[in-house]
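Just so you know, ligand 1 is whichever comes first in the structure, and atom 1 is the first atom listed for that ligand. Not measured: the values here are computed from a predicted model.
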Amino acid sequence: MADIEKYLRQSAFPHIWCPGCGNGVVLASIIRAIDKLGLEQDKTVIVSGIGCSSRASGYMNFNTVHTAHGRALTFATGIKLAKPELNVLVITGDGDATAIGGNHFIHAARRNIDITTIIFNNSIYGMTGGQSSPLTPLASKSTTAPFGHIERSFDIGALAIAAGATYVARATAYHATMLTDLVAKGIENKGFSVIDAITQCPVSFGRKNKMGSAAKMMEWQKDHAIYVQAAAKLSAEQLKDKFVIGELHRSEAPEYTAEYDKLIAQVQAKRGNK
Ligand code: SF4
Ligand code: MG
């Protein structure tokens, strides 16, 4: 097991998360992925938005920025444009990434900027008391949908692919080893990477939906996840109520900061020739 303690800011503890919250598992998977790739802490930037999961940046011993709600990708875009040599990771929740930050999310994907975005997807706004987010499953209960949520949720993987992300993957807190591997692959991709990390919020989502303890919620993750290879052989009916995990998409496209540097060089060369 990797010595992950050096990646944690001991002075920032104790953390704010509730007992059984999956955020710590996802955080551990991210730092194990960073350790696996041997990224230098001083050359790695963690940018987060607002919400329970976005507190993770404060616990991580890297260059970190805890930004405004939904705006993590805008700060991360600025950082990556100014210093493309840095490894830039974004930590965001399902509400932060796909509601308030939804517009920034699709445009970062469209640009294929070299940022790895990990969505801590707990199906709810946890910090503000359990309101529905765009990833809250249809018919589940929340404080804003006490009789059941009538809106369809985004398929965040399909959204990211349609918007132009070049690496898209999904795992869960239960599948933490796989999550580490997928985050590492996302970081290695030279472009916009999205990792949908399904995690449990036993307090704001689990309790409302009578899902039981955190351990039971992780059992739910195990029982409802289907590996992408197995899913390919199943019908839509067989996949009903399941979600697919693994590498969902990988493609090639020009990376934004590299294109920007090329453009600067072209313009400078032209001006120099005049
Ligand atoms: Fe975790 Fe939910 Fe508690 Fe937030 S409210 S810390 S997501 S268990
Ligand atoms: Mg959330």
Open item on the list: At less than 2.8 Å, would any N/O/S atom of I124, backbone or side chain, sit next to the Mg ion (ligand 2)?
Closed with: yes

Open item on the list: Within 45 degrees of the ring normal and closer than 6.0 Å to the centroid, is that where the cationic atom of R111 sits relative to Y256?
Closed with: yes

Task: Closest protein heavy atom (residue, atom, distance) for atom 7 (S) of ligand 1 - done: N122 ND2, 3.3 Å

Open item on the list: One residue to check: I124. Relative to ligand 1, which of side chain, backbone, both or neither has a non-hydrogen atom less than 4.0 Å away?
Closed with: neither

Open item on the list: Within the 3.5 Å criterion, strictly below it, is a donor on T166 or N189 matched to an acceptor on the partner's side chain?
Closed with: yes

Open item on the list: Ignoring hydrogens and geometry beyond distance, is a side-chain donor-acceptor pair present between S142 and S132 at under 3.5 Å?
Closed with: yes

TODO: For H175 and A225, work out which heavy atoms get closest and say how close.
DONE: CE1-CB, 3.7 Å

Open item on the list: Looking only at side-chain N and O atoms, does E259 offer a donor or acceptor that is under 3.5 Å from a partner on T257?
Closed with: no

Open item on the list: Is a donor from one side chain sitting under 3.5 angstrom from an acceptor on the other, for R32 and T177?
Closed with: no

Task: Side-chain ion pair, K36 and D181, N-O less than 4.0 Å - done: yes

Open item on the list: Under 2.8 Å from atom 3 (Fe) of ligand 1, which protein N, O or S atoms do you find? Ignore water molecules.
Closed with: C18 SG

Open item on the list: Just to confirm my numbers, could you give the angle made at the Mg ion (ligand 2) by OD1 of N122 and OD1 of D94, rounded to 10°?
Closed with: 80°

Open item on the list: If only side-chain N and O atoms count, and only distance matters, is there a donor-acceptor pair under 3.5 Å linking H15 with R55?
Closed with: no

